[in-house]
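Report on the structure given below.
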Protein chains: 2
Amino acid sequence: MTERSQDTPADGERSRTLVESAYSSLRHEILSGHLKPGAKLRTEELRLRYKIGASTLREALTRLLGEALVTAEGQRGFRVAPISLSDFSDLTNVRKMIETEALRQSVLAGDEAWEGRVVAAFYRLSKVEERLAESAQAISNDFEQRNRDFHQALISACASPWLHRLNAMLYQQSERYRRISLVNRDVPRDVHAEHQAIYEAALVRDVERVCRLTGEHIDNTLSVVRQVLTRDAAVHEPKPGRSIRERTPAGKHAVEKI
Amino acid sequence: MTERSQDTPADGERSRTLVESAYSSLRHEILSGHLKPGAKLRTEELRLRYKIGASTLREALTRLLGEALVTAEGQRGFRVAPISLSDFSDLTNVRKMIETEALRQSVLAGDEAWEGRVVAAFYRLSKVEERLAESAQAISNDFEQRNRDFHQALISACASPWLHRLNAMLYQQSERYRRISLVNRDVPRDVHAEHQAIYEAALVRDVERVCRLTGEHIDNTLSVVRQVLTRDAAVHEPKPGRSIRERTPAGKHAVEKI
DNA sequence: GTCAAATAAAATTTCGAGATTTTGAGAATT
DNA sequence: AATTCTCAAAATCTCGAAATTTTATTTGAC
């Protein structure tokens with residue numbers, strides 16, 4: 001008997017195939033930090049959790065492999081991709097280069113429709129930033145979404161699919177670091193002011209200024225994450241409840257636990 | 001009855017898992033152009049060809065998805081990623097940026113061991129380039145291998161894993177275009193002279209010159225591929241033979257069969 | 001007691017049949 | 001003729017047990 005159960009998709013996913021929804025769920029759990037960096041991903045446990053077959057789960061994990069959110073080794077299964085300060089530092093530099101270039105092209109090529117997207121995205125971002133001071137934790141999903149939309153809108157007039165592709169990948173990676181840092185503690189920073197400055201420079205088509213400000217903006221994120229990660233290296237605690245059993249891979253700096 | 005046959009790996013692959021060797025074989029077939037851009041990848045057929053299970057094949061294809069060598073849609077299976085002039089043009093620009101930056105860092109940071117790798121790789125490349133005139137087709141595998149090694153050696157002192165990762169991806173993509181062009185017809189170009197110029201500039205640590213030359217080098221490849229692709233766009237005709245299971249994706253030049 | 005081989009337990013990988021969906025050819029309707 | 005409907009063939013997607021490998025534990029020799 002092999003009836004497809006077609007269980008209700010975990011969250012708000014309406015992906016068609018089971019692989020796709022498992023992929024979405026797993027990605028969300030990794031990005032949000034619920035699945036911890038370096039953690040072993042045992043097929044058996046995940047299989048039961050998501051109520052899917054072994055191959056289906058395996059395929060979902062393989063997709064994440066291509067996005068560098070999980071690692072895979074020989075006959076030793078999958079792990080959540082580890083994080084490290086040096087990785088994030090590297091990531092930040094490369095992302096600065098890519099996003100800046102995309103931005104340059106976009107601001108130069110942007111038409112009226114582009115302006116409209118930027119204005120709209122900035123407005124929505126501002127709204128959520130107002131509420132960010134109090135309940136940083138609660139609305140971090142909202143904020144991340146709109147922050148991504150804003151950055152995306154800014155470069156949306158860039159005509160290069162490859163720049164978009166690479167940028168999306170790097171942005172997702174850095175989003176992971178940001179969210180992991182956010183969950184731990186929130187380091188205040190006037191991120192709204194930075195966004196506003198970028199926004200205004202974009203609309204007056206001051207390319208050099210937009211690029212410079214965005215570069216600094218990205219760098220500031222590095223600073224914040226650096227603070228959190230170095231501080232947490234000492235503090236961490238094992239997660240309560242039925243958690244995925246795991247061994248800390250040898251010699252990694254202890255950003256393992258969130 | 002589920003015995004593992006562990007058939008001899010296709011070529012020189014000694015990958016551990018079946019997924020890995022299927023992945024390698026498929027990648028090679030796509031890069032070499034044996035599997036044509038845009039072609040449908042029917043699981044049934046491939047399954048029989050490689051003598052592996054459905055899920056195993058599926059996982060191998062999913063890996064290629066992450067490298068943008070295949071595309072996948074909903075419940076409609078996999079296809080070899082299509083190619084186009086505009087894609088290659090875009091690819092070339094982005095790759096120029098990435099590889100140039102990696103090169104800059106590498107030449108600045110390169111130590112004696114780096115010099116050694118560059119010298120060795122250049123020597124091996126030169127050897128194969130001597131023979132390139134006659135049997136371009138026959139030794140294209142050799143040439144591509146050593147060409148990749150040479151470019152890799154040049155940037156091997158770059159300390160950024162992300163630059164390496166992105167560069168590897170872009171290089172592989174452009175390799176695909178180069179090989180497809182090569183198989184069709186060979187457009188002569190004094191590629192050896194270009195390599196030599198880059199080589200010499202690298203060894204005397206003339207960063208700006210290395211980057212400029214490499215940029216031009218990459219651009220030249222674009223020109224060559226452009227010639228071949230535009231020429232072939234006309235030559236090919238949808239063969240009216242029986243049972244065209246294959247719809248040429250809209251407006252693509254028909255590089256289906258090589 | 002220590003080290004290594006043997007054995008047991010656990011986890012990963014693979015298979016292929018069956019469930020589901022898409023496709024396309026012909027019938028029926030407008 | 002063009003569009004929609006029907007339904008069978010073909011293809012994709014999913015499952016879970018079986019095969020294989022890795023990891024942990026025990027046993028045995030020195």
Side-chain angles (χ1 to χ4, degrees), chain A residues 1-10 13-26 38-65 70-80 243-250, chain B residues 1-10 13-26 39-65 70-80 242-247 249:
Chain A
M1 54 133 267
T2 326
E3 298 247 350
R4 255 186 234 191
S5 44
Q6 193 55 279
D7 223 338
T8 22
E13 278 117 35
R14 54 216 63 211
S15 313
R16 293 290 295 284
T17 68
L18 283 192
V19 169
E20 277 163 8
S21 59
Y23 158 76
S24 294
S25 301
L26 281 167
K40 190 95 178 48
L41 293 166
R42 275 177 309 155
T43 52
E44 187 61 13
E45 181 166 330
L46 293 172
R47 213 159 84 65
L48 295 178
R49 176 126 67 99
Y50 290 111
K51 301 205 192 87
I52 57 180
S55 315
T56 306
L57 172 62
R58 191 151 243 284
E59 195 179 320
L61 288 172
T62 301
R63 283 208 190 185
L64 293 166
L65 195 63
V70 314
T71 62
E73 192 188 354
Q75 304 256 24
R76 272 175 251 175
F78 298 87
R79 284 180 172 277
V80 179
S243 75
I244 298 190
R245 178 166 60 85
E246 61 170 308
R247 287 151 316 217
T248 323
Chain B
M1 224 340 271
T2 327
E3 298 246 350
R4 254 186 235 192
S5 43
Q6 193 54 278
D7 222 340
T8 20
E13 277 117 34
R14 53 216 66 214
S15 313
R16 295 288 293 286
T17 68
L18 283 193
V19 169
E20 277 162 8
S21 59
Y23 158 78
S24 294
S25 301
L26 281 166
K40 189 99 178 48
L41 293 166
R42 273 173 304 157
T43 52
E44 187 61 15
E45 182 170 324
L46 293 173
R47 214 159 83 64
L48 295 179
R49 176 127 67 99
Y50 289 112
K51 302 205 192 89
I52 57 179
S55 315
T56 307
L57 172 62
R58 194 149 240 286
E59 194 180 321
L61 288 171
T62 301
R63 283 209 190 186
L64 293 166
L65 195 63
V70 314
T71 62
E73 192 187 355
Q75 303 256 26
R76 271 175 251 174
F78 298 86
R79 282 179 173 276
V80 179
R242 66 282 168 77
S243 123
I244 296 199
R245 338 196 48 140
E246 199 63 53
R247 283 160 320 205

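Numbers restart at 1 for each chain; the letters A, B, ... are given by sequence-line order, proteins then strands.
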Problem set entry | Pairwise distance CD(E59(B)) to CG(L61(A)) - rounded to 0.5 angstrom | 8.5 Å
For this session: On DNA chain D, check which nucleotide each of I52(A) and R76(A) is closest to and give me the residue with the more 5' one.
Result: I52(A)
Exercise. Counting only side-chain N and O atoms of R47(A), is one of them less than 4.0 Å from OP1 or OP2 of dA11(C)?
Worked result: no
Exercise. Going by atom types only, do S55(A) and S55(B) share a side-chain donor-acceptor pair under 3.5 Å?
Worked result: yes
For this session: Find the distance L18(B):CG to dG16(C):P and express it as a whole number of Å.
Result: 11 Å
Seminar exercise, completed: Note: R16(A) and Q75(B) closest approach over all heavy atoms is NH2-CG, 4.5 Å
Exercise. How long is the line joining CZ of F78(A) and P of dT12(C), in whole Å?
Worked result: 9 Å
Exercise. Reckon R16(A) has a side-chain N or O less than 4.0 Å from the OP1 or OP2 of dT22(C)?
Worked result: yes
Exercise. What is the distance from CD of E20(B) to C1' of dT14(C), rounded to the nearest Å?
Worked result: 13 Å
For this session: Measure from CG on L46(B) to P on dG16(C) and round the result to the nearest Å.
Result: 16 Å
For this session: State, to 0.1 Å, how close T43(A) and L57(A) come at their nearest heavy-atom pair, and which atoms those are.
Result: O-CD2, 3.4 Å
Exercise. Among the nucleotides dT14(D), dT21(D), dT23(C), which one has an atom lying closest to any side-chain atom of T56(A)?
Worked result: dT14(D)
Problem set entry | Phosphate contact (dA11(C) OP1 or OP2) by K40(A) side-chain N/O below 4.0 Å | no
For this session: Calculate the interatomic distance between Q75(B) atom CD and dT20(C) atom P; express it in whole Å.
Result: 11 Å
Seminar exercise, completed: Rounded to whole Å, the CG-P distance (L57(A) to dT12(C)) equals 10 Å
Exercise. Out of dC15(D), dC15(C), dA17(C), which nucleotide sits closest to the side chain of A54(B)?
Worked result: dA17(C)
Exercise. Which part of the nucleic acid, if any, lies within reach of L41(B) when heavy atoms closer than 4.0 Å are counted: base, sugar-phosphate only, or nothing?
Worked result: sugar-phosphate
Problem set entry | Side-chain touch Y50(B)/L26(B), heavy atoms, less than 4.5 angstrom | yes
Problem set entry | Nearest-Å distance for atom pair CG/C1', residues L48(B) and dA10(D) | 14 Å
Exercise. Can you check the E44(B) CD to dA11(D) C1' distance for me, whole Å?
Worked result: 9 Å
Problem set entry | Contact under 4.0 Å: S55(A) side-chain N or O vs dC15(D) OP1/OP2 | no
For this session: Establish, with yes or no, whether the OP1 or OP2 oxygen of dA11(D) is under 4.0 angstrom from a side-chain nitrogen or oxygen of T43(B).
Result: no
Exercise. OP1, OP2 of dA11(C) versus side-chain N and O of R42(A): anything below 4.0 Å?
Worked result: yes
